[in-house]
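These notes are about the structure you will find just below.
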Amino acid sequence: MLNLQTGFGNPDTQDFVYFNHLVSDATQLTPDWHAELNSVEDPIVGSSDVEIQLLGFGSARMEARLLFHKREDFYRLQAMVGRKASLVLLNNWTRQRGEVFHRLGHDYVRHDNVLLLDLVPQFRTGGTLAVATFVASTSGLGVQQW
Amino acid sequence: MVTTTANARMTDLRPYPIMCTIAGHPTDVIRYDRSHGVDQPVATGSITLPLPLPEHLRGGEPGDVLNLPISMQVGYRESILRPVFNGYIRRDRMELSRDGYYATLGLVGYATLLAWPESRDLVFSSNILLEEFIRSMCVRRGVPKYRIDRIMTPSGQRVRLGGNRYIDDGEFVLPAGTSPLDMMTRLLRLFGYRAFDTAQEFRVQRVSGAPVYGPMGDFAEGKLIHRLSRERDLDEMVTAWTVEGATYTDDDGIQIPIRSIPEGTVPFEPLLNPPGYREDKIRDNQIVTQVNADAVRQIAEIDHSTVNPMWSINTRGNSLFRPGATVRIASSNMEAAAENYWLMTVRDSLDVNQGYKAVLTAWKGGGDALPDGEDLEVINVREAPVHLGDEHIPWYAQPAPSGKEFRIPITVPDSFTSLAISLWLHGSNNYLLDGGNTEASVSQIQVWQNGEEVGSTELPVVEENYQQQLPYGSGLTHWQQFRLPVPGRLEAGSAEIRIVSGEDSRLPSHTKFDDFEARNITLELRGAGHPELPTQGGGG
């Protein structure tokens, strides 16, 4: 396991849980932040025309598979479900903007005010895994507004 | 007929966030709905806010939320924001559930102030004009913004109340226990008028005969309509009206009923055959003169002499929709040629699931356009552009700012009880587009007299398009026109219009004022003279 600085919490204090962000076994891809543009569509009677109202982006979500260095880290993160904190990822594993910093040979991106919404443990020999759902506001992630 | 998909167009619209101020504080609102209608004297609406409430609504006491004044503007980025509701918070409901923590605030329009009954008779002088009775009650109850047209008979006479010396000594009496709003609604309806809240003010206008204004909306198949329906009901048609008013005893002790019956022979109407006509009767003891009885019968004949279709239209929301306005409707499938209709109701809502949608109803009215009028006096306040704010902006009509406040002296020729400012704007309050920021104050226009503020109104939110550096100095192309009712009254003499720039305390000190320009400012004055206030009689 690489000794990465990725994790969730307050990276400036001890209140920070380290984990590795994994690629999907099946697709070999890492899911990135995704925000959906809410819209509503109405056909105009007497024509094939439609009106579509664009109602802004909802929150951005990301489901990430996490590998923990030790089981205690999983428990600590589990205790943080429902909390807003900072999420630190490898910068080249996400396309969303955030505060970028370099440490020990790697570029990281930090997203503040991220909510840890859910954490589902998974079993695999050789390590503790979980699928975490993170939620952030689109403006906080710098998603292009319309 | 449906066109092929090859010709299909997609129109995309981007509603702005709802601009809401509560007691003058910008407030984030998740959803809103409203209902205005010519037959709904008191407008209603509701807004939803997340809990806990914003700072300016906290405290937990009823007075921290209820009865606070509220103002809302809605629109699309493709057009502009305009007012959709002005009134008060009447009720609140808070709920915690798995779906979230929300407060829903129920709203009412200004007419609510006229709804409750007096405990004693209110006595008005003989032959008082109907609109004067209404104006008097608006002043007595403190209705902040109202616009009352002259009430005329179909033959162009002013409608007066009382005037029969055998009944209440000729005076007009609002009996104890009677709601002024109910009384004025009932009387106005008799003469083809309605009293109702609009987005900005309490309004009294004619809704009878053919619509008098140019259409503000054009609805046809393939154009703006999400759903369209039309109903025609023969039961609405009456060709022979009898109007019965009060009965009085004259000096000789003879009982005289006030009565108006059809003139001449009622024409044969095939749609009502057999028997070829239909009779109905209107009875109201407030009809105490023959001239009023005849006018009421004429209005009933105009409104009911033909089958009058009622349309219902589902369409995109539009903050310009106003009950009492005119819309044009056509449908080839319903074999309805394009005609003008009265817009009777406007119900709309805006939320993230449904978007900004409206349901309208429209009614044709019968016969020709009927006489109408208003006692309007206009003062040209200022034609040249004025730049409020604190930044030098080269592409403005006046690049150098005039500061936080600009005062314009005026002379008022008489006393007036109904005020409105008409002006062209760009850029006002645009910093509120970032959402409800309670650290910001709202740019407004104020009317002052004798060192006191008579009334003020918030300026609309008008996007600046700052990056485009639009040439505001060349014509009115990039400006928007608004009419903004102002509460309060003016006496004859000197007065002052003040344009005041809002302030966003989050911004640096050299740029914290709202930069915008105003021009072609006029003051509309209605309701000349002091209103006749009633004396109190017995009852209760």
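Lettering of chains follows the sequences in order, A, B, ..., and the numbering in each one begins at 1. The structure displayed is predicted, hence computed values, not measured ones.
Remark: D42(A) CG to L224(B) CG distance equals 11.5 Å, nearest 0.5 Å. To the nearest 0.5 Å, the span separating CD1 on I44(A) from CD1 on I225(B) amounts to 8.5 Å.
Atom CD of Q122(A) is surrounded by more than 12 heavy atoms from other residues, nucleotides or ligands within 6.0 Å. Few gaps surround CD on Q78(A); more than 12 heavy atoms of other groups in view lie less than 6.0 Å from it. A 6.0 Å sphere centred on CZ of R230(B) holds more than 12 heavy atoms belonging to other residues, nucleotides or ligands. In this structure, Y101(B) places its OH atom where only 12 or fewer heavy-atom neighbours from other residues, nucleotides or ligands lie under 6.0 Å away. In R347(B), the CZ atom is not crowded: 12 or fewer heavy atoms of neighbouring residues, nucleotides or ligands sit closer than 6.0 Å.
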Working note: V45(A) + H226(B), criterion side chain to side chain contact (heavy atoms under 4.5 Å, CB included); need CA distance, chi angles, decisive distance, verdict. CA-CA 6 Å; V45(A) 295; H226(B) 303 161; 5.9 Å; no

Step by step, work out the side chain to side chain contact (heavy atoms under 4.5 Å, CB included) result for K357(B) and V40(A). CA-CA 10 Å; K357(B) 301 288 179 60; V40(A) 58; 3.8 Å; yes

Please lay out, stage by stage, how Q354(B) and L55(A) fare under the test side chain to side chain contact (heavy atoms under 4.5 Å, CB included). CA-CA 9 Å; Q354(B) 302 295 323; L55(A) 301 163; over 6 Å; no

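Distance alone, capped at 3.5 Å, is enough to place a donor-acceptor pair between the Q53(A) side chain and the Y356(B) backbone.
Residues forming a salt bridge (charged side-chain N to carboxylate O under 4.0 Å, His left out) with R316(B) (at least two apart in sequence, or on another chain): E51(A). The salt bridge (charged side-chain N to carboxylate O under 4.0 Å, His left out) search around K84(A) returns none, not counting sequence neighbours.
Across every non-hydrogen atom of G222(B) and S47(A), the tightest pair is CA-CB, 3.8 Å.
No part of N314(B) comes within reach of chain A, as not one of its non-hydrogen atoms sits under 4.5 angstrom from that chain.
Between D49(A) and M10(B), every side-chain heavy-atom pair lies at or beyond the 4.5 Å cut-off.
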